[in-house]
Undergrad: 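Okay, here's the structure, questions in a sec.
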Amino acid sequence: MAREFIVPGEIISGSGALDMAEGALKLLGKKALIVTDKVMIDLGNCAKVEKALTNQGIEYSIYSDICGEPTDTMIEKGLQIYKDENCDFLVALGGGSPIDSMKAIGSLVVNGGSISDYMGKVIDVKMPPMAAIPTTAGTGSEATQFTIITDTKKDIKMLLKGKVLMPDLAIIDPQFTMTAPPKITAATGLDALCHCVEAYTSRKAQILSDTFAVSAVKRIFKYLPVAYKDGKNEEARVQMSVAALEAGIAFNNASVTIIHGMSRPIGALFHVAHGLSNAMLLKECLTFALPGAYDRFGALGRDIGVADATDSDQEAAEKFLKAVEALVNELDTPTLEQFGINKEEFFNVIDKMAHDAMDSGSPQNTMRDVTEEEVKEIYRKLW
Ligand SMILES: NC(=O)c1ccc[n+]([C@@H]2O[C@H](COP(=O)([O-])OP(=O)(O)OC[C@H]3O[C@@H](n4cnc5c(N)ncnc54)[C@H](O)[C@@H]3O)[C@@H](O)[C@H]2O)c1
Ligand SMILES: [Fe+2]
């Protein structure tokens with residue numbers, strides 16, 4: 001069966017990537033809207049991007065009000081600034097939140113309306129050029145055709161998609177991830193792990209996505225603990241920013257599965273950061289998924305070296321799951337309870353969360369049939 005495989009227009013990666021990308025930025029337009037957050041301004045990261053644009057005689061305005069994960073109202077404000085300032089292209093600097101916001105702003109520039117209008121539809125409107133500079137290793141949003149925006153009226157995280165959302169330019173410069181504190185390194189790194197494991201064990205996996213997924217899984221097991229414990233380790237940061245990109249490419253072309261499907265409702269209702277809610281779900285979701293794909297999980301166990309040819313697929317898969325659990329613990333991932341969520345409040349919304357999770361379509365990509373009742377059961381097992 002023929003399959004499509006989509007990647008960003010151009011990827012510039014490695015130390016010095018921003019310097020090398022200046023010429024490519026110049027080709028995108030005359031005036032950029034930089035979409036970012038206050039942390040990037042305070043750390044001086046935004047100033048580095050401003051300098052790169054100035055070097056090329058590109059004008060810019062800055063929208064730095066992305067705080068937390070993006071909402072429809074943040075997008076409307078950014079859109080207004082883009083129009084008022086007569087910008088003609090977009091640059092996002094930050095984690096997944098500013099990058100997703102950039103995509104949502106871009107999709108409204110020409111066609112207008114509200115971002116919620118695109119829920120459940122494929123976005124195929126004309127977009128201004130976009131460059132993404134990730135500062136977490138991480139969401140892989142720099143290499144995906146997705147954006148996740150919270151609908152504040154309905155309390156749901158909308159997963160919006162369309163090929164036009166794929167950035168034209170991805171600048172993967174590890175200098176920007178060096179400043180990420182351990183908690184963010186852990187949560188975003190485990191988000192990337194979910195992307196590649198889910199992509200590899202998705203019903204929509206394809207040969208090319210497998211290549212990127214396996215490479216990312218191996219890199220993450222080797223380098224995420226190092227980046228977590230020693231944030232200044234440049235080699236670990238470089239390897240993790242490549243892994244996040246690979247994982248993004250993998251799931252962009254193979255979809256995510258049950259972890260992401262169940263994670264978004266927790267994020268929307270309890271304001272748990274995306275990577276963290278994924279991390280909290282990893283063990284129980286993979287325990288559920290394992291019997292549907294012992295061969296695939298087993299292959300990952302052998303790839304990371306915790307199993308070998310003498311193990312059956314099931315044994316190797318179970319060893320892989322144990323290694324995932326050990327990694328989640330090594331990175332000090334809190335439980336829902338330790339995070340401070342009230343058990344009764346959580347149980348009161350399990351029906352809504354299970355419904356929203358199934359409605360997103362992601363759990364159904366798992367290589368084991370899954371029902372809404374089983375999703376509810378997994379939510380209960382988190383306690
Ligand atoms: N579009 C996609 O394909 C996709 C995939 C996965 C997740 N997401 C979305 O991405 C968002 C989460 O993105 P994220 O996990 O990267 O976090 P984020 O962008 O929300 O950032 C989290 C925090 O880390 C800070 N931070 C980021 N980089 C830093 C750095 N280098 N140094 C110091 N602080 C830094 C930010 O300022 C922020 O306070 C969620 O909304 C999630 O749903 C999108
Ligand atoms: Fe994710």
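When a ligand or atom number is given, it counts from 1 through the structure's own listing order.
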Undergrad: So if I apply the side chain to side chain contact (heavy atoms under 4.5 Å, CB included) rule between Ser263 and each of Ser277, Ser360, Cys194, Cys285, which one comes out positive?
TA: Ser277
Undergrad: So, regarding Asn45 and ligand 1 (criterion: nitrogen or oxygen to nitrogen or oxygen, under 3.5 Å), is there a contact or not?
TA: no
Undergrad: Does any N or O atom in Val39 lie less than 3.5 angstrom from one in ligand 1, N or O only?
TA: no
Undergrad: Any idea which atoms of ligand 1 are less than 4.0 Å away from a heavy-atom of Thr136?
TA: 16 (O), 27 (C), 28 (N)
Undergrad: Between Lys343 and Phe347, is NZ or CZ placed under 6.0 angstrom from the six-membered ring centre and within 45° of the ring axis?
TA: yes
Undergrad: I'd like to check whether Met40 has a polar contact with ligand 1, where a contact means an N/O of the residue lying under 3.5 Å from an N/O of the ligand.
TA: no
Undergrad: Among all the protein's non-hydrogen atoms, which is closest to atom 20 (O) of ligand 1, and how far away is it?
TA: Ser97 OG, 2.6 Å
Undergrad: Where on Ala187 is there a heavy atom closer than 4.0 Å to ligand 1, on the side chain, on the backbone, on both, or on neither?
TA: neither
Undergrad: When the ring centroid of Tyr60 is compared with that of Phe89, is the distance short of 6.0 Å?
TA: no
Undergrad: Heavy atoms only, cut-off 4.0 Å: how does His195 contact ligand 1, side chain, backbone, both, or neither?
TA: side chain
Undergrad: Between the side chain of Gln338 and the main-chain N/O of Thr335, is any donor-acceptor distance below 3.5 Å?
TA: yes
Undergrad: Same hydrophobic cluster for Met367 and Tyr200, using side-chain heavy-atom links shorter than 4.5 Å among ILVMFWY?
TA: no
Undergrad: Output yes when the distance from some N or O of ligand 1 to some N or O of Asp191 is under 3.5 Å, and no in every other case.
TA: no
Undergrad: What atoms of ligand 1 come closer than 4.0 angstrom to any heavy atom of Pro98?
TA: 19 (O)
Undergrad: What atoms in ligand 1 come closer than 4.0 Å to a heavy atom of Ile184?
TA: 23 (C), 24 (O), 25 (C)
Undergrad: Can you give me the NE2-the Fe ion (ligand 2)-NE2 angle for His274 and His195, to 10°?
TA: 170°
Undergrad: Any cation-pi pair here, Arg368 with Phe288, using under 6.0 Å and within 45°?
TA: yes
Undergrad: For atom 30 (C) of ligand 1, state which one of Thr139, Thr71, Ile66, Thr179 supplies the nearest heavy atom.
TA: Thr179
Undergrad: Could you tell me whether Lys183 and Asp332 make a salt bridge, using a distance below 4.0 angstrom between a side-chain N and a carboxylate O?
TA: no
Undergrad: Give me the residue, atom name and distance of the protein heavy atom closest to atom 3 (O) of ligand 1.
TA: Thr144 OG1, 2.7 Å
Undergrad: Look at atom 17 (O) of ligand 1 and find which of Gly96, Cys67, Ala92 reaches it with the closest heavy atom.
TA: Gly96
Undergrad: So does Asp356 pair up with Lys352, basic N to acidic O under 4.0 Å?
TA: yes
Undergrad: Looking at atom 32 (N) of ligand 1, tell me if a protein heavy atom falls under 4.0 Å from it.
TA: yes
Undergrad: With a cut-off of 2.8 Å, does any N, O or S atom of His260 fall short of it relative to the Fe ion (ligand 2)?
TA: yes
Undergrad: Does a side-chain N-to-carboxylate-O contact under 4.0 Å join Arg302 and Asp311?
TA: no
Undergrad: Under a 4.0 angstrom heavy-atom cut-off, which atoms of ligand 1 come close to Glu69?
TA: 12 (C), 40 (C), 41 (O)
Undergrad: So does Glu234 pair up with Arg237, basic N to acidic O under 4.0 Å?
TA: no
Undergrad: If you measure from each non-hydrogen atom of Leu43 to ligand 1, which part falls under 4.0 Å: side chain, backbone, both or neither?
TA: side chain
Undergrad: Quick check against the 3.5 Å criterion: does Asn329 have a side-chain atom that pairs as donor or acceptor with the backbone of Glu325?
TA: yes
Undergrad: Out of Met178, Lys157, Lys161, whose heavy atom is nearest to atom 43 (O) of ligand 1?
TA: Lys157
Undergrad: Counting only heavy atoms, which portion of Pro181 has something under 4.0 Å from ligand 1: side chain, backbone, both, or neither?
TA: side chain
Undergrad: Are the side chain of Glu337 and the backbone of Trp383 linked by a donor-acceptor contact shorter than 3.5 Å?
TA: no
Undergrad: Below 4.0 Å, non-hydrogen atoms only: which portion of Asp100 touches ligand 1? Side chain, backbone, both or neither.
TA: side chain
Undergrad: Output yes when Glu59 and Lys30 qualify as a salt bridge under the 4.0 Å nitrogen-oxygen rule, no when they do not.
TA: no
Undergrad: Among the N, O or S atoms that Asp191 has, which is closest to the Fe ion (ligand 2)?
TA: OD1
Undergrad: Relative to the heavy atoms of Phe176, which atoms of ligand 1 are at a distance of less than 4.0 Å?
TA: 30 (C), 31 (N)
Undergrad: So, are Glu22 and Lys48 salt-bridged, with charged N and O less than 4.0 Å apart?
TA: no
Undergrad: Can you name the atoms of ligand 1, numbered from 1 with element, that are less than 4.0 Å from a heavy atom of Pro70?
TA: 41 (O)
Undergrad: Under 3.5 Å, side chain of Ser362 to main-chain N/O of Met358, donor-acceptor pair present?
TA: no
Undergrad: What is the ring orientation for Phe346 with Tyr379, classed by angle as parallel under 30°, tilted 30 to 60°, or perpendicular over 60°?
TA: perpendicular
Undergrad: Could you tell me the residue and atom name of the protein heavy atom closest to atom 28 (N) of ligand 1, and the distance to it rounded to 0.1 Å?
TA: Thr135 OG1, 2.7 Å
Undergrad: Evaluating non-hydrogen atoms only, which member of Leu159, Asp37, Thr177 is closest to atom 38 (C) of ligand 1?
TA: Asp37
Undergrad: Write out the residue and atom name of the closest protein heavy atom to atom 15 (O) of ligand 1, then the distance separating them to 0.1 Å.
TA: Thr188 CG2, 3.3 Å
Undergrad: What are the atoms of ligand 1, with element, lying closer than 4.0 Å to any heavy atom of Gly95?
TA: 16 (O), 19 (O)
Undergrad: Is it the case that ligand 1 has an N or O less than 3.5 angstrom from some N or O of Phe251?
TA: no
Undergrad: State, without any angle test, whether Thr144 and Lys161 hold a side-chain donor-acceptor pair at a distance under 3.5 Å.
TA: no
